[in-house]
Amino acid sequence: MAVEKIKKPKKRSATIFGYPLSIFFIVVNEFCERFSYYGMRAVLVLYFKYFLKWDEDFATTIYHAFVALCYLTPILGAIVADSWLGKFKTIVYLSIVYAVGQVVMAVSAIQDITDANKDGTPDNMTLHVALSMVGLLLIALGTGGIKPCVAAFGGDQFEDHQEKQRSTFFSIFYLSINAGSLISTLITPILRAQTCGIHIQQECYPLAFGVPAALMVVALIVFIVGSPMYIRNPPQGNIIVKVCKCIGFAVKNRFRHRSSQYPKREHWMDWAEEKYDKLLIAQVKMALKVLFLYIPLPMFWALFDQQGSRWTFQATTMNGNFATITIQPDQMQTVNPILILILVPIMDTLIYPLISKCFNFTPLRRITVGMFLAALAFVAAALLQIQIDKTLPDFPSSTEGQVKFINMVNRDLQIQADNQTISLKAFGANEDYLTFNNQFTLVLEPGQQYNVKLDNGTRNTMAIIQGSKLGFEKFDDMTSKPEKGENALRVLNGFGSVLNVTVRDKVFNFTSNMSEYLSVSHGKAEFMIKDDRGSSCIYTQELGFGSSYTLIIPSTFTFGEMCSENIKAVMDMEPNTVHMAWQIIQYFLMTSGEVVFSVTGLEFSYSQAPSNMKSVLQAGWLLTVAVGNIIVLIVAEAATLKDQWAEYILFASLLVLVCIIFAIMAYFYTYTDPTKIEAQFGEMEPEEKEKRKSFDMPRKGSAESHKEDRRSSDSSSDDECTKQTKI
């Protein structure tokens, strides 16, 4: 085992207000690193969908695969730090990997590097995907690898007489985590919404990824600058490795002695007594007892982490207009850290004391309630999705086609389509699309009958025009809602001569009488209409989120003061009418569940774990997060549910089922006092240890004993872990 060489300073590091000066570098480093991680993650699914052009299911799958990897690599980081490099070198080396990954992500989002034809679309998408995957892999290795090291390294900077300062440090450290998360999830979506590009101005993902990359470089520099002041403890071996070896030996030894001629032992871990001392075996037993309770917990994280995927996609189909402010879909994730800062003190000072007056609200009961609240959050998300679906267009199936008729003739018409009578005002359209099989009969006037063929799964506009007799032109319409809350606009020119039409400096391109679609953001849109003689007309249309319009310029159009009155806008798709503010309900329920579940879960775990098993439980807790994200990617790929609300209900139902299972497990759980158990082993004489083959752990289940358990578990390592629910 390689041991990090330590240069002990001749005198203690400088202090300020009683705190080692070195911890301020660590706190700033953590703030910048959390800003970098959460900022990049906030816009990640939208980058997958809108830049890499992945569908929502595949984008969700890759997103959760990345998050899962971020929570698997901490185990590797802890082993490397404790068994080989030491915390300082591990943080530095993996931070370099981390920063490189962020830079690679920023480069992958620059469309101009492969946009040879300058049309705003990358010509080599494979390169961008490859760079993105390499970047995410490096980020997962970096952020996960340093996760278990930074807080512990900060705790190493304090001496034994600085317990109070150490506890305060962990509170400040936790605050820096939430501050970085809150600020980054607020700012990076704004950066993404900016436009940039050499050839074509588009959403600025390079900036949204570039700023977090810069913050990670700053985090690395700040951490290295403070290196002369750090206290560096040498690596002394990793307890996780030792526990795994102990468990492995017990299993292997039990298998070797499976014959009935060998006497049975009270616990299967007792088969490790031939190689490991009984104190370690008893400690492993206590840790395994808690880890067994972790088995149902991944389902909570499967729902919780969908805030950054499914819920963000849900927000893209909603109205984000708050008075004069436009909220980006990915900014709704900011609600979570805001509510955490509000709910944690409320729960501790008000809710828990009030509930405790009615009945004993034990930690395991709190965890059960937390899972139930998360399930309720997904029920709320499903109900909201049902309301959103009511506002979405009813697009045709793969065996049908849809048609909207526009009357470009200066008189009212009554036409028939497959025996349906349709009345059309002059320069007007029927309100809703009509659905037909791939072929239907159209009668414009008596004796004028056409057999119209439609491509399956398409929407079409049929403009009825006047020639020597009535005829029609067929145009392809959009078959999906405009992306990102933008509005799809086009112009139907019935004026009879060439017109130049622009909106917000964007020029409509006419390949026939109907222009191509232009994407325009919400708000007031002014259409500038000009002819070749310089005459102009301005038409104004107020735009919402996600609508589609066809602007009709009729044959009766004339330039002049009243020109805009001759222009008509036909709404092809209604704007998003369900407001993003409704998502606050599900965010409130989910965050309440997080506060009750996560903080309580860590506090309970460490009160029930031996003093040297804190990192084992930390690794187990992070592993539940990883497994939860793996569950999401499996469901996203395997589920064949057509409606998104049904998937929300599926997840809620699974969590309720898991919640019931956990409640049963909790009912049969008995509390232990690790401190007393370890003390009893310390008092045992060597000959007594030889006589005992196993240790019978006492059972404790009363409320008073539980309070005593919690009081006995107030070491600095407990503070370190329980305050890192957001790491």
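Since this is a predicted model, take the numbers as computed values, not measurements. Only heavy atoms go into these numbers, but all of them, side chains included; no hydrogens, no water, no symmetry mates.
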Around atom [atom1] of [X], are there more than 12 heavy atoms of other residues, nucleotides or ligands at under 6.0 Å?
X	atom1	answer
D55	CG	yes
Y587	OH	yes
E431	CD	no
F588	CZ	no
W54	CH2	yes

Inter-residue atom distance [X].[atom1] - [Y].[atom2], 0.5 Å rounding:
X	Y	atom1	atom2	result
L141	Y98	CG	OH	11.5 Å
L373	L303	CG	CG	12.0 Å
H579	I327	NE2	CD1	8.5 Å
N629	S309	CG	OG	8.5 Å
I295	I661	CD1	CD1	10.5 Å
Y38	T334	OH	OG1	12.5 Å

Heavy atoms, side chains only, cut-off 4.5 Å: are [X] and [Y] in contact?
X	Y	value
S548	N487	no
V632	T61	no
Q328	V43	no
Y549	Q541	yes
M665	P296	yes
M332	Q307	no
E574	T391	no
P396	R459	yes

Residue pair [X] / [Y]: nearest heavy atoms and the distance that separates them:
X	Y	value
L654	M299	CB-CE, 3.7 Å
P189	Q331	CB-CG, 3.3 Å
T312	P329	O-CB, 3.9 Å
L655	A375	CD2-N, 3.5 Å
P298	V627	CB-CG1, 3.7 Å
M478	A488	SD-CB, 3.1 Å

>> Checking L384 against V578 for the side-chain contact (heavy atoms from CB on, under 4.5 Å) test, could you report, in this order, the C-alpha distance in whole Å, the side-chain angles of both residues, the deciding distance, and whether it holds?
In response: CA-CA 9 Å; L384 180 59; V578 181; 3.6 Å; yes
>> Suppose we screen for salt bridge (Lys or Arg N to Asp or Glu O under 4.0 Å). Which residues come up paired with D572, at least two apart in sequence or across chains?
In response: K404, R490
Mark yes or no for whether [X], through its side chain, and [Y], through its backbone, hold a donor-acceptor pair below 3.5 Å.
X	Y	answer
Q333	A42	yes
T195	Q202	no
E594	M590	no
N430	D432	yes
E30	S176	no
Q306	A302	yes
S181	I177	no
D112	G197	no

Side-chain donor-acceptor distances from residues 519-526 under 3.5 Å, at least two apart:
unit_1 : atom_1 : unit_2 : atom_2 : d
S519   : OG     : E486   : OE1    : 3.1
S521   : OG     : R504   : NH1    : 2.9
H522   : NE2    : T326   : OG1    : 3.0

> Does the pair I62 and F66 meet the rule for a side-chain contact (heavy atoms from CB on, under 4.5 Å), with working shown?
Replying inline: CA-CA 6 Å; I62 299 301; F66 165 69; 5.6 Å; no
Donor + acceptor pair across side chains of [X], [Y] (<3.5 Å):
X	Y	result
S36	E33	no
R34	T143	yes
S108	Y47	yes
D389	Q644	no
N319	N576	no

>> One pair to check against salt bridge (Lys or Arg N to Asp or Glu O under 4.0 Å): D330 and K484. What are the steps and the verdict?
In response: CA-CA 11 Å; D330 35 2; K484 314 171 201 173; over 6 Å; no
> Considering the options T316, T317, N321, which one meets the side chain to side chain contact (heavy atoms under 4.5 Å, CB included) requirement together with F545?
Replying inline: N321
>> Is there a ring pair (Phe, Tyr, Trp, His ring centres under 6.0 Å) between F378 and W311? Walk through the geometry before answering.
In response: CA-CA 10 Å; F378 263 60; W311 287 12; 5.5 Å; yes
>> Suppose we call two aromatic rings close when their centres sit under 6.0 Å apart. Are Y433 and F395 close by that rule?
In response: no
>> Can you confirm whether or not the ring centre of W301 sits under 6.0 Å from the ring centre of F304?
In response: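 Aromatic pair counts; centres sit under 6.0 Å.
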> If you draw the axis of the six-membered ring of Y71, does the NZ or CZ of K147 fall within 45° of it and under 6.0 Å from the ring centre?
Replying inline: yes
Show me the side-chain donor-acceptor pairs of residues 211-218 shorter than 3.5 Å, one per line, residues at least two apart or across chains.
none

> Charged N to carboxylate O below 4.0 Å: is that the case for D57 and K49?
Replying inline: no
> Can you name the side-chain contact (heavy atoms from CB on, under 4.5 Å) partners of C204, sequence neighbours left out?
Replying inline: Q194, C196, P206, L207
>> My understanding is that only residues two or more places apart in sequence, or in another chain, count here; which of them pass side-chain contact (heavy atoms from CB on, under 4.5 Å) with P122?
In response: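 Expected list: F51, Q111, T114, M125, H128.
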Residues 349-358, side-chain donor-acceptor partners within the protein, below 3.5 Å, at least two apart:
unit_1 : atom_1 : unit_2 : atom_2 : d
T349   : OG1    : P345   : O      : 2.6
S356   : OG     : Y352   : O      : 2.8

>> Checking F313 against T60 for the side-chain contact (heavy atoms from CB on, under 4.5 Å) test, could you report, in this order, the C-alpha distance in whole Å, the side-chain angles of both residues, the deciding distance, and whether it holds?
In response: CA-CA 9 Å; F313 286 139; T60 299; 3.6 Å; yes
> So I340 and N178, side-chain contact (heavy atoms from CB on, under 4.5 Å) or not? Walk me through it.
Replying inline: CA-CA 9 Å; I340 284 178; N178 282 279; 3.9 Å; yes
